[in-house]
Amino acid sequence: MDMKISTCTKEDFDEIIENFELYWGNEKNERLQKIRTLHHPMMLYELGDNAYVVKDDNKVIAYLFGIISRKEPLAYVHMIATHRDYKRKGYARQLYEHFIEAAKQDGCKYIKAITSIGNEESRRFHTGIGMRLIGETNTQGIPVVSNYAGPGEDRVVIMKSIV
């Protein structure tokens, strides 16, 4: 099923925030609280030309918040999520493809994403779309970049050439 991708509006952003648990689950834990704080309004107001949504009957069913680096020829996927009722139907992949095309127009040569070590679903998704995990293999057998997010804060860094 091919739905239309559009730029995220203020109404879309508000809908995402109001229905956060439909994309990320409703457990009350520290990980989800951190993810919620990553949904900063700057993704709409200051960086909104790289914030995209997929809608079904005016309901946001998937979204991607991206950033184009001014430092290197790189596009960064800050956040991507699909509504729980629409998972595994290709919407996240469509959003990635859309963002990659926009990033190429801006001269980017690479796409990058970051995830936590425990987010197996994210690692599977990203490797499934041809991205690779970079870094040194940790004791769990997962490539990580040590101290990426500060002392003792290792992250899974995922990259792909888009040229």
Side-chain angles (χ1 to χ4, degrees), residues 1-17 20 23-24 31-32 34-56 60-83 86-136 142-150 153-163:
M1 183 187 304
D2 193 37
M3 300 270 180
K4 183 177 181 248
I5 296 173
S6 58
T7 303
C8 185
T9 66
K10 170 70 167 123
E11 292 77 21
D12 298 334
F13 184 81
D14 290 348
E15 180 183 337
I16 291 165
I17 299 304
F20 181 79
Y23 303 95
W24 296 97
R31 182 182 84 81
L32 285 181
K34 284 182 181 179
I35 291 171
R36 190 178 193 90
T37 63
L38 294 174
H39 288 71
H40 195 282
M42 75 175 172
M43 299 311 297
L44 174 69
Y45 295 117
E46 284 73 34
L47 303 169
D49 56 339
N50 292 305
Y52 304 105
V53 296
V54 176
K55 291 184 176 183
D56 183 14
V60 175
I61 61 170
Y63 64 93
L64 181 150
F65 298 155
I67 300 168
I68 303 295
S69 173
R70 293 177 48 128
K71 184 177 177 182
E72 42 190 308
L74 178 123
Y76 171 71
V77 175
H78 175 69
M79 192 65 52
I80 187 163
T82 303
H83 186 289
Y86 294 85
K87 287 189 180 286
R88 294 184 178 41
K89 295 184 192 250
Y91 300 117
R93 180 182 294 266
Q94 287 177 8
L95 283 164
Y96 248 95
E97 290 169 359
H98 184 83
F99 183 53
I100 286 170
E101 288 308 310
K104 286 179 181 180
Q105 299 280 327
D106 279 336
C108 293
K109 295 179 176 19
Y110 302 95
I111 189 93
K112 179 179 182 180
I114 309 297
T115 193
S116 63
I117 295 168
N119 194 336
E120 184 179 343
E121 182 180 3
S122 178
R123 291 194 319 266
R124 244 189 345 261
F125 168 76
H126 286 94
T127 56
I129 62 169
M131 297 179 76
R132 66 180 184 85
L133 283 54
I134 63 171
E136 301 294 321
I142 303 166
V144 300
V145 176
S146 296
N147 302 315
Y148 184 90
E153 295 291 331
D154 302 347
R155 293 292 183 270
V156 175
V157 178
I158 312 159
M159 302 269 306
K160 177 181 177 178
S161 171
I162 59 172
V163 291

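Computed over heavy atoms, backbone and side chain alike; hydrogens, waters and symmetry mates excluded.
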Quiz item: Does any N or O in the side chain of Arg123 come within less than 3.5 Å of the main-chain N or O of Ile117, such that one atom is a donor and the other an acceptor?
Solution: yes

Can you tell me how far the [atom1] atom of [X] sits from the [atom2] atom of [Y], to the nearest 0.5 Å?
X     : Y      : atom1 : atom2 : answer
Ile80 : Phe125 : CD1   : CZ    : 4.5 Å
Asp49 : Ile67  : CG    : CD1   : 11.0 Å
Ile68 : Asn50  : CD1   : CG    : 4.5 Å
Ile35 : Met79  : CD1   : CE    : 6.5 Å
Tyr52 : Cys8   : OH    : SG    : 11.0 Å
Lys4  : Lys55  : NZ    : NZ    : 9.0 Å

Quiz item: Any Lys/Arg nitrogen of Glu121 or Arg124 sitting under 4.0 Å from an Asp/Glu carboxylate oxygen of the other?
Solution: no

Is any side-chain heavy atom of [X] closer than 4.5 Å to a side-chain heavy atom of [Y]?
X      : Y      : value
Val60  : His83  : no
Lys10  : Asp14  : yes
Ile158 : Thr115 : yes
Phe65  : Ile16  : yes
Ser6   : Val53  : yes
Ile114 : Tyr76  : yes
Ile111 : Val77  : yes

Is the [atom1] atom of [X] crowded by more than 12 outside heavy atoms at less than 6.0 Å?
X      : atom1 : value
Lys109 : NZ    : no
Tyr110 : OH    : no
Glu46  : CD    : yes

Exercise. Hey, can you tell me if His39 and Trp24 have their rings parallel, tilted or perpendicular (30° and 60° cut-offs)?
Key: perpendicular

To check you understand the geometry: which heavy-atom pair defines the closest contact between [X] and [Y], and what is its length?
X      : Y      : answer
Thr82  : Ala92  : OG1-CB, 3.9 Å
Ile162 : Ala103 : CD1-CB, 4.1 Å
His126 : Tyr96  : NE2-OH, 2.7 Å
Leu38  : Met43  : O-CG, 4.4 Å
Cys108 : Val163 : O-CG1, 4.2 Å
Tyr23  : Ala62  : CE2-N, 4.5 Å

Quiz item: Any chance the side chains of Tyr63 and Asp12 put a donor and an acceptor closer than 3.5 Å?
Solution: no

Practice problem: Take Met159 and Leu74 through the test side chain to side chain contact (heavy atoms under 4.5 Å, CB included) and record every step on the way to the result. | Solution: CA-CA 10 Å; Met159 302 269 306; Leu74 178 123; 3.8 Å; yes

